[in-house]
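A short worksheet on the structure shown next.
Chain letters run A, B, ... following the sequence lines, proteins first, then strands; residues in each count from 1. Hydrogens, waters and symmetry mates play no part in the numbers below; they use all other heavy atoms, side chains included.
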Number of protein chains: 2
Amino acid sequence: MKSDRRIRYTKKVIKESFMDLLLNRPSHKITVKEVCEKAEINRTTFYSYYDDIHSLTKEMQNDSISDIRQYLLQYSVDGDDMILYFVKILQNSFPYASKYILYDNNSKYFIRLFYECKDLILSNWLKGHVKITPIQQEWLYTFLASGCAGILRTWFMGGMKESAEEIASFLNQLIKCHDVIFDAK
Amino acid sequence: MKSDRRIRYTKKVIKESFMDLLLNRPSHKITVKEVCEKAEINRTTFYSYYDDIHSLTKEMQNDSISDIRQYLLQYSVDGDDMILYFVKILQNSFPYASKYILYDNNSKYFIRLFYECKDLILSNWLKGHVKITPIQQEWLYTFLASGCAGILRTWFMGGMKESAEEIASFLNQLIKCHDVIFDAK
DNA sequence: TACCGTGTGTCAGATAACCAACACAACTTG
DNA sequence: CAAGTTGTGTTGGTTATCTGACACACGGTA
């Protein structure tokens, strides 16, 4: 059920144009008019898909999350590398993500990211925790995901100065230390 | 008076798709259907711009000639380098040209190329021929252009085995040797 | 204050591109 | 030979996009 090629192309050029403006003219408020002129589409067309710039960035964030899901699905990384891999994706594969994630200060991005990728992450994190109940799994995941989201958000906001390895190893420690609670035997 | 963005995009993907098929599936008859499927456009749309594959390749040849004109205008090369430059354009800047030029064996391509670029080449070739009349200029250009076109066509057909330098120096000799006829003093 | 330039969001009507279906020709394959 | 298969052009009706215009909100400036 692929959408109309016209729609795909139009949305694509809108997003590319927005991204281009974002990267080449920082500290500059981006207008709908600008985006449309760069994309060579009519403003009317823009409004038939988005209410405003904000709804565009929202969709781009969704795209980004879908892309990350695809990455995770495709490579299905195991064990301790999971977090490092995750952080590296954010750092390398989506270098532009930080731009539009922060553009309208949408701090819910990382919460949603972990929510949407729950199925792909959960099995990985809880591998080997035989005694933990499904209910407990949910709560533990919520707790850990929120923590990670907070860290990543802070990392992004600060301009990602720390290396992916540092962040990943830090998060790994935090996740690992809960093993004792549920797996003490 | 730029044409509609929709038209530009549609034609662009048609040409790219055709080129792709041409490069990746040589010795294979290319159908309208194939091109449209690759380009993700409707066959009806194709027929609203082209009568058939042949009329597509014809337009691509025109594009190629326009591009070459642009090159010549942009850099305005002088003197003996002209021919070398010209041949190099054909060899390097338009590596795909030969594919669709030869696809339906349109031997008129080079004739047209020299005809369309006449203004840009003429002044260059006849530089210094003070005694030659405008009428003579026309005839001389026709003669030299036809000769060059024939050589280039043969070169293309043969797979461009000779280097651009060889061809250029050969053509330059042929052009130069007419100087004595018109400029003997 | 009033004026002006610029961006916003929306509309009706025109054009481009879409889809599904058709008749037809050029072939394979039985 | 007849029955499929595949590509060709063409049609009528639908959807996406474009154009030009409009009323409105906003900030700067005389």
* Do the side chain of A:Arg6 and the base of D:dT15 come within less than 3.5 angstrom through a donor-acceptor pair of N or O atoms? -> yes
* To do: Give B:Arg43 one of three labels, base, sugar-phosphate or nothing, depending on what nucleic acid heavy atoms sit under 4.0 Å from its own.
  => base
* To do: Verify the contact: side-chain N or O of B:Thr45 to OP1 or OP2 of C:dC18, cut-off strictly under 4.0 Å; return yes or no.
  => yes
* Asked: Quick one: B:Glu37 CD to D:dT8 C1', roughly how many Å, whole number?
  -> 14 Å
* **Ring-ring centroid check A:Phe110 A:Phe114, cutoff 6.0 Å** => no
* Between B:Arg43 and B:Glu37, is there a side-chain N and carboxylate O pair less than 4.0 Å apart? -> no
* Asked: Can you tell me how far C1' of C:dT8 sits from NZ of A:Lys33, to the nearest Å?
  -> 11 Å
* Structure fact -> Among the nucleotides C:dT8, D:dT8, C:dA17, whichever has the atom closest to the side chain of A:Val32 is C:dT8
* Structure fact -> Regarding the side chain of A:Tyr47, the nearest nucleotide among C:dT10, C:dA20, C:dA16 is C:dT10
* Asked: For the pair made of CZ in A:Phe46 and P in C:dG9, what is the distance, rounded to whole Å?
  -> 8 Å
* Asked: Is the shortest side-chain N to carboxylate O distance from B:Glu16 to B:Lys11 below 4.0 Å?
  -> no
* Asked: Can you list the residues that meet the side-chain contact (heavy atoms from CB on, under 4.5 Å) rule with A:Asn62, with sequence neighbours excluded?
  -> A:Arg112
* Asked: A:Thr10 side chain N/O closer than 4.0 Å to the phosphate oxygens (OP1, OP2) of D:dT17?
  -> yes
* Asked: Which listed nucleotide (C:dT8, C:dC19, D:dA16) is nearest to the side chain of A:Ile7?
  -> D:dA16
* Which part of the nucleic acid, if any, lies within reach of A:Ser48 when heavy atoms closer than 4.0 Å are counted: base, sugar-phosphate only, or nothing? -> nothing
